[in-house]
Protein chains: 2
Amino acid sequence: MKPIPKKRVCSVARSIEILGDRWIFLILREAFFGVRQYDQFQANLGIATNILSHRLKLLVENGILERKQDPQDGRRFRYKLTEKGMDLYPITLAFMKWGDRWLSGQEGPPLILKHKSCGRPLAPEMCCAYCRQVIDARDVAIGEYKFENV
Amino acid sequence: MKPIPKKRVCSVARSIEILGDRWIFLILREAFFGVRQYDQFQANLGIATNILSHRLKLLVENGILERKQDPQDGRRFRYKLTEKGMDLYPITLAFMKWGDRWLSGQEGPPLILKHKSCGRPLAPEMCCAYCRQVIDARDVAIGEYKFENV
DNA sequence: TAGCATTGCTTGCAAATTGCAAGCTATTTA
DNA sequence: TAAATAGCTTGCAATTTGCAAGCAATGCTA
């Protein structure tokens, strides 16, 4: 794929360069649901096999998934989230929350998660680590930007 | 584009269907930075004009941006984030945070944001609205799923 | 008020990507 | 030893992308 023009040096762009594709987060969703095998990804997503193998390769190359042969059965490979991959959970949750709110219709959210550590339904909020308030785009300004040449 | 097969009814998939594209979040990033005009999006992103107009159309159709003619200058149109669009800020921040952590290299994050309401640098965390703890994927389970036929 | 500039597109075309179906290889099971 | 399974690869048609050129509507300038 053609690289994104680097008009702004930006972590959003860098992330999107790897993750900005219609299949990546669906594969990751399945991984977060515990799916580990090629077959299972394929069956759960209905994705073409060539696309799936390409995306898995990409995720492995980028250190998001780890591919390990099953010692019990040499035909099988397990795709497991790395720490870097696990750290994509907030993005996945953010997609889910937005979809729950804006795309659910009358029936409400199709899936409700549970926060095991507190026992309540999971209600994710993006908040500020310092003041603990929920973050609103209107409360955010640019602090420092390292590349003022733009 | 071919619709995502609906093997699971899922808000992640519904969101991705609209947002899962390499340009969408870059356009949104610009919008969050205050960009409103076609020209500016084009110049800041280096995106082909046909692609840009297609994506803007898509965002408008999905109620994420609003397109309004400038009353001062009939040639100009302002693309403004709707409430639904503003609500995509957490996802954008989540992409940024992940990129800051995993793709920054030695130099550190290219951009530091400031939380105007508390005066500190913005450190976004995905936390549980009930217990206020930072959410880890390993602490989450499936609560209710409405479509057990899968 | 005629001509030029600006804004926001559209069109045409080559190249890349996607999705489907078939096939292939290495293991494992019967 | 043959059949089944897992994880792919390949070939091909259709769709999407990116580039460049062009165009219409509005505004500005002499």
Side-chain angles (χ1 to χ4, degrees), chain A residues 1-7 13 16-28 30-31 34-62 64-81, chain B residues 1-7 13 16-28 30-31 34-62 64-81:
Chain A
M1 207 170 312
K2 184 158 188 259
I4 294 166
K6 299 300 175 312
K7 302 278 177 163
I16 289 295
E17 188 114 41
I18 302 171
L19 306 168
D21 168 273
R22 66 208 263 85
W23 289 113
I24 293 286
F25 272 99
L26 296 175
I27 293 171
L28 290 171
E30 293 302 314
V35 169
R36 296 288 174 266
Q37 260 181 250
Y38 189 94
D39 263 15
Q40 282 299 305
F41 285 111
Q42 204 286 317
N44 293 357
L45 296 174
I47 183 177
T49 57
N50 53 344
I51 311 288
L52 178 58
S53 74
H54 179 251
R55 293 305 188 282
L56 287 173
K57 209 165 287 172
L58 222 147
L59 287 167
V60 170
E61 278 168 12
N62 282 283
I64 291 164
L65 295 177
E66 219 178 10
R67 182 181 183 268
K68 272 190 187 162
Q69 196 165 26
D70 186 334
Q72 315 301 315
D73 182 343
R75 291 170 303 180
R76 292 191 178 183
F77 294 88
R78 293 169 58 75
Y79 290 91
K80 210 189 136 206
L81 287 157
Chain B
M1 208 169 310
K2 184 158 188 260
I4 294 166
K6 298 302 175 309
K7 302 278 176 162
I16 289 296
E17 188 114 40
I18 302 171
L19 306 168
D21 169 272
R22 65 208 264 85
W23 288 113
I24 293 286
F25 272 99
L26 296 175
I27 293 171
L28 291 171
E30 293 303 312
V35 169
R36 296 288 175 265
Q37 260 180 253
Y38 188 94
D39 264 15
Q40 282 299 306
F41 284 111
Q42 204 286 317
N44 293 357
L45 296 175
I47 183 178
T49 57
N50 52 343
I51 311 288
L52 178 58
S53 74
H54 179 253
R55 294 305 188 281
L56 288 173
K57 209 165 286 170
L58 222 147
L59 287 167
V60 170
E61 278 167 12
N62 282 284
I64 291 165
L65 294 177
E66 219 179 13
R67 181 179 184 270
K68 271 190 184 161
Q69 194 164 30
D70 186 333
Q72 316 300 317
D73 182 344
R75 292 170 303 179
R76 294 192 176 181
F77 294 87
R78 293 169 57 75
Y79 290 92
K80 210 189 135 203
L81 287 157

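Quick note on labels: first sequence line is chain A, next is B, and so on, each numbered from 1.
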- Query: If you look at every strand shown and take non-hydrogen atoms under 4.0 Å, does B:Phe41 touch a base, only sugar-phosphate, or nothing?
  - Reply: nothing
- Query: Within less than 4.0 Å of OP1 or OP2 of C:dA14, is there a side-chain N or O belonging to A:Lys2?
  - Reply: no
- Item | Atom pair distance, as rounded to whole Å: CG in A:Asn44 and P in D:dA6 | 14 Å
- Task: Taking only the side-chain heavy atoms of A:Ile51 (C-beta and beyond), determine which of D:dT9, D:dG27, C:dG19 contains the nearest atom.
- Result: C:dG19
- Note on the structure: When rounded to whole Å, the CD1 to P distance for the pair A:Ile47 and C:dT17 reads 16 Å
- Query: Think A:Gln42 has a side-chain N or O under 4.0 angstrom from the OP1 or OP2 of D:dG7?
  - Reply: no
- Message: So for B:Arg76 and C:dT7, does any side-chain atom that can act as donor or acceptor lie under 3.5 Å from a complementary atom in the base?
- Response: no
- Do any side-chain nitrogens or oxygens of A:Thr49 fall under 4.0 Å of OP1 or OP2 in C:dA21? no
- Message: So if I apply the side chain to side chain contact (heavy atoms under 4.5 Å, CB included) rule between B:Trp23 and each of B:Leu58, B:Leu52, B:Ile47, B:Leu28, which one comes out positive?
- Response: B:Ile47
- Message: As a test of reading the structure: which of D:dG18, D:dA4, C:dT7 is closest to the side chain of A:Arg75, going by heavy atoms?
- Response: D:dA4
- note: B:Asn50, atom CG; D:dA20, atom P; distance rounded to Å ~ 12 Å
- Task: Indicate, with a heavy-atom threshold strictly under 4.0 Å, whether A:Asp70 touches base, sugar-phosphate, or nothing.
- Result: nothing
- Message: Using modelled atom types and a 3.5 Å cut-off, is there a donor and acceptor pairing between side-chain atoms of B:Glu17 and backbone atoms of B:Ile4?
- Response: yes
- Mind calculating the distance between CG (A:Leu52) and C1' (C:dT18) to the nearest angstrom? 14 Å
- Task: Starting from P on D:dG27, measure out to CG on B:Asp39 and report it in whole angstrom.
- Result: 15 Å
- Item | Closest heavy-atom pair and its distance - A:Phe77, A:Gln37 | O-CG, 3.9 Å
- Item | A:Glu66 (side chain) donor-acceptor with A:Lys80 (main chain) under 3.5 angstrom | no
- Query: Which nucleotide, D:dG7, C:dC20, C:dG8, lies nearest any side-chain atom of A:Tyr38?
  - Reply: D:dG7
- Task: Answer yes or no: does a side-chain N or O of A:Lys57 lie under 4.0 Å from OP1 or OP2 of D:dG7?
- Result: no
- Item | Whole-Å gap separating C1' (D:dT17) and CD1 (B:Ile27) | 14 Å
- Message: Can a donor-acceptor pair be found, under 3.5 Å and without considering hydrogens, that links the side chain of B:Tyr79 to the backbone of B:Val35?
- Response: no
- Message: When you measure from the side-chain N and O atoms of A:Trp23 to the phosphate of C:dT18, is any distance below 4.0 Å, counting only OP1 and OP2?
- Response: no
- Query: In terms of side-chain heavy atoms of A:Asp73, which of D:dT9, D:dG27, C:dT28 is nearest?
  - Reply: C:dT28
- Which sits closer to the 5' end of DNA chain C, A:Gly74 or B:Gln40, going by the nucleotide each is nearest to? B:Gln40
- Message: Without decimals, in angstroms, what is the distance between B:His54 NE2 and C:dT11 C1'?
- Response: 15 Å
- Message: Just to be sure I understand the rule, does A:Arg78 reach a base, reach only the sugar-phosphate, or reach nothing, if contact means heavy atoms closer than 4.0 Å?
- Response: nothing
- Query: Which part of the nucleic acid, if any, lies within reach of A:Arg55 when heavy atoms closer than 4.0 Å are counted: base, sugar-phosphate only, or nothing?
  - Reply: sugar-phosphate
- Message: Less than 4.0 angstrom between a side-chain N/O of A:Tyr79 and OP1 or OP2 of D:dA6, yes or no?
- Response: no
- Message: With a 4.0 Å cutoff (strictly under), does any side-chain N or O of B:Arg67 reach OP1 or OP2 of C:dC9?
- Response: yes
- Take the protein atom CG of A:Asp21 and the nucleotide atom C1' of C:dG19, then report the distance between them rounded to whole Å. 13 Å
- Message: Return whichever of A:Leu56 or B:Gln69 has its heavy-atom-nearest nucleotide of DNA chain D closer to the 5' end.
- Response: A:Leu56
- Step by step, work out the side chain to side chain contact (heavy atoms under 4.5 Å, CB included) result for B:Ile64 and B:Ile24. CA-CA 11 Å; B:Ile64 291 165; B:Ile24 293 286; over 6 Å; no
